Peer 1: 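One structure coming up, written as structure tokens, with questions to follow.
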Amino acid sequence: MPELPEVETVMRGLEPVLNNNHITKVTLNRSDLRIPFTPTLKDDVENQTIHSIKRRAKYILIHFSNNKILAIHLGMSGSMLILKPNELYEARVHDHVIFDMKDGARIIYNDPRRFGMIFTLNNDEMTSHKAFAHLGPEPLSNHFSAVYLKDKLKSKKSSIKQALLDQTNVVGVGNIYACEALYKAGINPLTPCPKISLAKYEELVRCICEVLRGAIAAGGSTLKDFRHADGELGYFQHNFAVYDRKGQACPNCECDVTKTGGIERIVQSGRSTFYCARKQK
DNA sequence: CGGTACTCCTGAAGGC
DNA sequence: TGCCTTCAGGAGTACC
């Protein structure tokens, strides 16, 4: 599942392909993904100079000199395949969008579950557009801190795990890294937000950043159906501490798993949470 | 207005 | 073996 580190990795993989290049042709193999493609999408981006490529939350943003922005969200199963010039393209199921580049390279957006989104917007809409207006701070920016988070969540009735998944509180953290960060910080995912001390929030913020930075450094971790932006299969980080490890021992665990049952799996607002009840009180 | 439940979708995995 | 059911999840929407 692409979360912030995976999106960052895809963005960095796209950068060298997009720089000093431009899109000559956009091929839409259907009319929508999760939402319809912007009707003017082709006109907005074809043969326009690419200004820069950025990331906001889990969106990849390609800025063009005509003040248009192409926003790409990978959803759950979206991936980008890059074909070098003259590299043979063999169409696959779920290849929904193809970007042909001036130099002959191709970028292919594939998304089996179609939870992704591709749309364009104007530069000046970045703060008002409904996809971005409500978003909280970037976790790796100066706007994200323990003081901010404690204040933001002081009157929330939800658990800390649910709050971390809420993109109005902090962006980019998905189910996997929320579990991992809470484990690392030693916080029970069921803890109501107001019960967490500032000191614990300090620890949590530190752990969120560590977990995200570690995954970015690893080239973006992923699960089954994620592909690396460089055209190769994505790096599969299977060394999560708790995620998808129900019943197993957590790292450096000294307790008897046959007695404790190991890592527990619970469901919070329809999402799986994995945690160690001994280490996360 | 805050919080919860539901929805979209397909492929993998599990059950019988 | 093979068909059927269940589950995974980001984010928008409906609803109380």
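Remember, predicted model here, so these are calculated numbers, not experimental data. Labels below follow one simple rule: chain letters A, B, ... track the order of the sequence lines, proteins then strands, and each chain is numbered from 1.
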Peer 1: For His129(A) and dG12(C), give me the distance from atom NE2 to atom P, rounded to whole Å.
Peer 2: 10 Å
Peer 1: Taking atom C1' of dG10(C) as reference, at what distance in whole Å does atom CD1 of Ile176(A) sit?
Peer 2: 12 Å
Peer 1: Measure the distance from CG on Leu165(A) to C1' on dA11(C) and round it to the nearest whole Å.
Peer 2: 11 Å
Peer 1: Rounding to an integer number of Å, can you tell me how far Ile118(A) CD1 sits from dA11(C) C1'?
Peer 2: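 Answer to the nearest Å: 16 Å.
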Peer 1: Counting only side-chain N and O atoms of His73(A), is one of them less than 4.0 Å from OP1 or OP2 of dA11(C)?
Peer 2: yes
Peer 1: What is the distance, to the nearest angstrom, from the CG atom on Asp166(A) to the P atom on dA5(B)?
Peer 2: 15 Å
Peer 1: Planes under 30° and centres closer than 5.5 Å, is that true for Phe115(A) with the base of dG9(C)?
Peer 2: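 Whether judged by distance or by angle, Phe115(A) passes, so it stacks on the base of dG9(C).
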Peer 1: Nearest to the side chain of Arg34(A) - dG9(C), dG11(B), dG12(C)?
Peer 2: dG12(C)
Peer 1: Given atom CG of Asn175(A) and atom P of dC7(C), what is their separation to the nearest angstrom?
Peer 2: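 So the two atoms are 16 Å apart, to the nearest Å.
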Peer 1: Can you figure out which of dG10(C), dT13(C), dC7(C) approaches the side chain of Lys130(A) most closely?
Peer 2: dT13(C)
Peer 1: Is there a path of hydrophobic side-chain contacts, each under 4.5 Å between heavy atoms of I, L, V, M, F, W or Y residues, that connects Met11(A) with Ile50(A)?
Peer 2: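 Per the 4.5 Å side-chain linkage, Met11(A) and Ile50(A) are co-clustered.
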Peer 1: Which residue lies toward the 5' end of DNA chain B, Val93(A) or Lys157(A), if each is placed at its nearest nucleotide?
Peer 2: Lys157(A)
Peer 1: Which listed nucleotide (dG12(C), dG10(C), dT10(B)) is nearest to the side chain of Tyr59(A)?
Peer 2: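 Side chain of Tyr59(A) sits closest to dG12(C).
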Peer 1: Hey, are Lys161(A) and Thr273(A) close enough side-chain-wise for a donor-acceptor pair under 3.5 Å?
Peer 2: yes
Peer 1: I'd like to know if Arg113(A) reaches the base of dA8(C) with its side chain such that a donor and an acceptor end up less than 3.5 angstrom apart.
Peer 2: yes
Peer 1: Pairs in or reaching into residues 134-144 of chain A: which pass salt bridge (charged side-chain N to carboxylate O under 4.0 Å, His left out), with residues at least two apart or in two chains?
Peer 2: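 Of all non-adjacent pairs touching residues 134-144 of chain A, those that pass salt bridge (charged side-chain N to carboxylate O under 4.0 Å, His left out) are Arg55(A)-Glu138(A), Arg56(A)-Glu138(A).
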Peer 1: To the nearest 0.5 angstrom, please state how far the CG atom of Leu149(A) sits from the CD1 atom of Ile208(A).
Peer 2: 6.5 Å
Peer 1: Relative to the 5' end of DNA chain B, which residue comes earlier, Arg30(A) or Ser155(A), by the nucleotide with the nearest heavy atom?
Peer 2: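 Of the two residues, Ser155(A) wins.
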Peer 1: Take the angle between the ring planes of Tyr109(A) and His96(A) and call it parallel below 30°, perpendicular above 60°, tilted in between.
Peer 2: tilted
Peer 1: To the nearest Å, give me how far apart CG (Asp111(A)) and P (dA11(C)) are.
Peer 2: 13 Å
Peer 1: With a 4.0 Å limit, can you tell me whether His94(A) has a side-chain N or O closer than that to the phosphate oxygens OP1/OP2 of dC9(B)?
Peer 2: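 Indeed not, no polar side-chain atom of His94(A) lies that close.
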Peer 1: In whole angstrom, what separates Arg271(A)'s CZ from dC8(B)'s C1'?
Peer 2: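 After rounding, the reported distance stands at 12 Å.
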Peer 1: Check whether any side-chain N or O of Lys58(A) sits under 4.0 Å from OP1 or OP2 of dA11(C), and answer yes or no.
Peer 2: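 Indeed, a polar side-chain atom of Lys58(A) lies that close.
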Peer 1: With the side chain of Ser272(A) defined as its heavy atoms from C-beta on, choose the nearest nucleotide among dA11(C), dT10(B), dG9(C).
Peer 2: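 Between dA11(C), dT10(B), dG9(C), the one nearest the side chain of Ser272(A) would be dG9(C).
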Peer 1: Counting side-chain heavy atoms from CB outward, which of dA11(C), dT10(B), dT13(C) is closest to Pro112(A)?
Peer 2: dT10(B)
